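Below: the structure, in structure tokens.
Predicted model, so just to flag it, every value in this text is computed and none were measured. Naming: A, B, ... by sequence-line order, numbering from 1 per chain.
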There are 2 protein chains.
Amino acid sequence: MSRHREFNEPEALEKAMMTFWQQGFEDTSYDDLVRATAVSRYGLYSAFGDKKQFFLRALDYYLDQHRGEMLGPLHAEGASLPAIRAHFSRVLDKVDDPGQKVGCMLCNTAIELAQFDKAAEDKVHEMFAEIKAAFKKAAKNAIKKGELSGDTSANQIADYLFGLMMGGAMLARSPIERSKIRNFIKTGLAGLK
Amino acid sequence: MSRHREFNEPEALEKAMMTFWQQGFEDTSYDDLVRATAVSRYGLYSAFGDKKQFFLRALDYYLDQHRGEMLGPLHAEGASLPAIRAHFSRVLDKVDDPGQKVGCMLCNTAIELAQFDKAAEDKVHEMFAEIKAAFKKAAKNAIKKGELSGDTSANQIADYLFGLMMGGAMLARSPIERSKIRNFIKTGLAGLK
DNA sequence: ACAATATAAGAATGATCATTCTGAAAAGAG
DNA sequence: CTCTTTTCAGAATGATCATTCTTATATTGT
């Protein structure tokens, strides 16, 4: 009956996501996406919609890809301080990855787009809440196990760890030496009590 | 002999700076600047040059305005832990300022522009170094006075405080609740030792 | 008041961008 | 094989942008 698509949708989405991640929403043109995916403009529009819809699809793809990897261990039954430390060890691995001066796509979106676009803002809020919840659960367990004193509430610890992670991620997009980010995270974890 | 300018240059620079601060480099058009300053295109071009030169002038203006206010007390003779705490109290005042969801113009530049523009990158590096140096000096004094143990080097403390400040500033541009930023900073300072 | 000159206001230019449109080609149904 | 339908490739469109240019006006020394 009809011709069908020549391109692989997930592959195109992956490449578009990388472009949006690196360059942000404003600095990425639809032509950039056509070039990056090697898919026709028509194909992209019919599969992913206009630029904003495409960006939100790419962001979802990024989040799905990273959510499990980064947050999964924190959500594991009984995860506590060691899981928190392991989490930041994974964060630092990403920070150290050479050629990765792109930071975290969620943070980038929070700063660049969330102020001006409701859908982006909602997505940021949702994910921020999920991340904080994971830290809070682990902090609670850590207090229960006596790994943390409880002098600082699990809620405050969660906000703190959230800031530590997001602060590190945002610094990772800036042209700062990686060793400073490492010092920031390491010293920040050492102060937990 | 000749007509002279109708506009006040510092006033125009102030207004342009606010526009660049709020909207960033990419999202600000020269028309936005003409509107914001109420100065003719010709006047702006002849006084401030093209958009990038104008942005760098505005950034310098911002930095000059904030440098003394924010870093001065940290540089005072013998400034130590209380000066550090006072500094973050000032940071939090800015974060709490309603209507101020714009973050720190230096951080915004570090994230948006420094990756793509050498002059911006240089300026960011220079200021980052200045900020870290102020923290390091105060941390040294704090260790000397016994306010900090010295288990963590002044250099590491400085990187940590730098991250705490910049992380907070970047979160301030995101649509996150202000209380979370406050928790982040407060808990972060409580962990110093 | 007049001449000289810099300014103001905004029109013109050329680039880039998002989005839509237009043949030509491809793939499956009959 | 042929017809239909969808895709492809990229040209066309209309908007926005940075920058330059034009024209009329304002200012000041004489």
**Report entry** Salt bridge A/D31-A/R35, side-chain N to carboxylate O under 4.0 Å
**Finding:**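 Salt bridge: no.
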Whole-Å distance separating the [atom1] atom of [X] from the [atom2] atom of [N]:
X: B/F25; N: D/dC17; atom1: CZ; atom2: C1'; value: 12 Å
X: A/E26; N: C/dT16; atom1: CD; atom2: P; value: 17 Å
X: B/F7; N: C/dA6; atom1: CZ; atom2: P; value: 15 Å
X: A/D31; N: C/dA15; atom1: CG; atom2: P; value: 16 Å
X: A/Y42; N: D/dT7; atom1: OH; atom2: P; value: 4 Å
X: B/Y30; N: C/dA8; atom1: OH; atom2: P; value: 13 Å
X: A/K51; N: C/dT19; atom1: NZ; atom2: P; value: 8 Å
X: A/D27; N: D/dC17; atom1: CG; atom2: P; value: 14 Å

Query - A/V39 vs B/S29, nearer the 5' end of DNA chain D by closest nucleotide - result: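 Going by which nucleotide is closer to the 5' end, it is A/V39.
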Query raised in the report: Nearest to the side chain of B/R41, which nucleotide is it out of D/dA18, D/dT20, D/dA9?
Result: D/dT20
Query - Given C/dT19, D/dC8, D/dA18, the nucleotide with the shortest approach to the side chain of A/D50 - result: C/dT19
Query raised in the report: Going by atom types only, do B/Q115 and A/Q22 share a side-chain donor-acceptor pair under 3.5 Å?
Result: no
Query - Side-chain N or O of A/Y45 closer than 4.0 Å to phosphate OP1/OP2 of C/dT19 - result: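 So the side-chain polar atoms of A/Y45 do come within 4.0 Å of the phosphate oxygens OP1 or OP2 of C/dT19, strictly under.
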Report summary line: Residue set satisfying salt bridge (charged side-chain N to carboxylate O under 4.0 Å, His left out) with B/K94, at least two apart, ordered chain then number -> B/E69
Report summary line: Rounded to the nearest 0.5 Å, the NZ atom of B/K193 sits from the OG1 atom of A/T187 at a distance of 10.0 Å
